[in-house]
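Sequence lines set the chain letters: A, B, ... in the order given, protein chains first and strands last, and positions in each chain run from 1.
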Protein chains: 2
Amino acid sequence: MTLPGLRERKKQRTRNALIRVALELFTARGYEGTTVDEIVEAVEVSQRTFFRYFSSKEEVAFAVQQMVEERFVRSLGQRPPAEGPLDAMRNAVLSSWDTIGEAITAVVPVGLYLRTFQLIESTPALLAVHLRRSTEMEETIARIIAEREGVDVDADPRPRIAVAAFSGVMRVTGQMWGRGEDQSLEAIRALTEEYLDHLAPALAPHWRDRRALPDAP
Amino acid sequence: MTLPGLRERKKQRTRNALIRVALELFTARGYEGTTVDEIVEAVEVSQRTFFRYFSSKEEVAFAVQQMVEERFVRSLGQRPPAEGPLDAMRNAVLSSWDTIGEAITAVVPVGLYLRTFQLIESTPALLAVHLRRSTEMEETIARIIAEREGVDVDADPRPRIAVAAFSGVMRVTGQMWGRGEDQSLEAIRALTEEYLDHLAPALAPHWRDRRALPDAP
DNA sequence: AGGCTAGTGACAGTCGCTGACAATTGACAA
DNA sequence: TTGTCAATTGTCAGCGACTGTCACTAGCCT
């Protein structure tokens, strides 16, 4: 295993430059307010080259997100078998938040990533793609969970259902974090824990008589 | 309240024609394989007119879906207050499936609608839009649920969480229905009931020891 | 050193979509 | 009925995302 040649390194640099410049322009002028021509001009490559690295203008906005997702999947694969499905997913998210910082910084500043995440949530075209990508992730996760629990994904609907419910909560978490004040990694971590704690009680037959909040006496 | 004038009726006819022709072409040649020019040529209007009725090529694919959603929301609003959140949503879906047929047929044949639904599930660009629309629906539903239960949507996360979990299951239902054999209204109804029954058990801490399926002894 | 090929740029063209303005047609009052 | 007004439509020009093609440049390998 030899280190990559000049050609390969050059490609990586171009790709990272495209991502960085794109995210900077997107967060500064908005996604729709930025043209591909502006991105490629700043990086000094042709438009054709941009579309060789990214199949669409949208895709470049998710390049970092992609890394984060791969990290989560790897983390989930390493959860101890004793944990139930929901706990495994919960702990996998939380533990991947912990070590995400450094991995991202290799490509773009963390602050830029967080702003990009909010941009995605608030830009309809990007939100749509984000949600589609999420469902693809759900399928991946469902297969891992099914494997862990020793059931057949296609015969037993529980893996997909559990994952769908979990992902739904994670999505609400991201949404609320984007709208809130504190836009730090710690804040999203705390919200994640809080909202996941609410999942089971929220599905209880009735809320009215007692406020069945997890941290209520 | 007088019946609509000629102008209004003409507009409605144009709109319906555009929807019908669009869905027929989409299901026949695929979404990307159909151009807006082909649609407008078949209906004999200018492209500009198409975009006055629909803000995008995607939107026309969801025109019927829109009706179905409005129906669900109305149905949810009429559920008896005694029903818990999850039951109210469940019954609202099921009861709106019952009367959906006639409402759709006024615009397009039911078969065409069902095929369109599958097209949406299998076309990435449409699926993305579908999911974004779904989250908008979720917000609407969450507010209704919060109102029913007498809580504040922004202070109490349970409405959004319950709705997110519910919607996640509904999405999986649609997906599985699209992939399965029996593509009838009855089939999707049955699947809906089955999958919703699985929701609570799927979130239980462990599945392994006993198959905690609702219909198992 | 020199041939090979992956990667790039330049160019032309398609398609979705929009603004501007002119032409048409239903609505409604004189 | 007819003339005026306003709503609807068509035409045209143009932008931006994206793709196929082909020539060319630059790293790679013998």
*Nearest of D:dT9, C:dT8, C:dG9 to any side-chain atom of B:T49?*
D:dT9
*Should the heavy atoms of other residues, nucleotides or ligands under 6.0 Å from CD of A:E193 be counted, would the total exceed 12?*
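Count over threshold, so yes.
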*Does A:E102 CD have over 12 foreign heavy atoms under 6.0 Å away?*
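Atom CD in A:E102 is packed in, count exceeds 12.
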So [Y] and [X], do their side chains get closer than 4.5 Å, heavy atoms only?
| X | Y | result |
| --- | --- | --- |
| A:Y195 | B:R160 | no |
| B:T116 | B:F62 | no |
| B:I39 | B:F26 | yes |

_Protein-to-nucleotide contact annotation, 5' to 3' order, nucleotides 19-30 of chain D [B base; S sugar-phosphate only; - none; under 4.0 Å, heavy atom]_ = BBB----BBS--
*With no hydrogens and no angle check, is any side-chain donor or acceptor of B:T123 less than 3.5 Å from a backbone partner on B:L126?*
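Looks like no, no N/O pair under 3.5 Å.
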*asked:* Please give me every residue in residues 33-44 of chain A whose heavy atoms get under 4.0 Å of an atom in DNA chain D, ordered by residue number.
replied: A:T34, A:T35, A:V36
Take atom [atom1] of [X] and atom [atom2] of [N], then tell me their distance rounded to the nearest Å.
| X | N | atom1 | atom2 | result |
| --- | --- | --- | --- | --- |
| A:R9 | C:dG7 | CZ | C1' | 16 Å |
| A:K57 | D:dC15 | NZ | P | 16 Å |
| B:F50 | C:dT18 | CZ | P | 11 Å |

_At a heavy-atom distance below 4.0 Å, what parts of residues 11-27 of chain B sit against DNA chain C?_
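Heavy-atom contacts with DNA chain C come from no residue of residues 11-27 of chain B; none.
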*Tell me, with the steps shown, if A:S95 and A:S75 meet side-chain hydrogen bond (donor to acceptor under 3.5 Å, both in side chains).*
CA-CA 7 Å; A:S95 99; A:S75 172; 3.1 Å; yes
*Ion pair check, B:R29 and B:E38, cut-off under 4.0 Å*: yes
*Any salt bridge between B:E138 and A:R171, counting N to O under 4.0 Å?*
yes
*asked:* Can you tell me how the ring of A:F72 sits relative to the ring of A:F166, calling it parallel under 30°, perpendicular over 60° and tilted otherwise?
replied: parallel
*I would like to know whether B:D182 and B:S184 meet side-chain hydrogen bond (donor to acceptor under 3.5 Å, both in side chains); could you show each step before the answer?*
CA-CA 6 Å; B:D182 187 355; B:S184 61; 2.9 Å; yes
_A:Y53 vs C:dT8: side-chain N/O to OP1/OP2 distance below 4.0 Å_ = yes
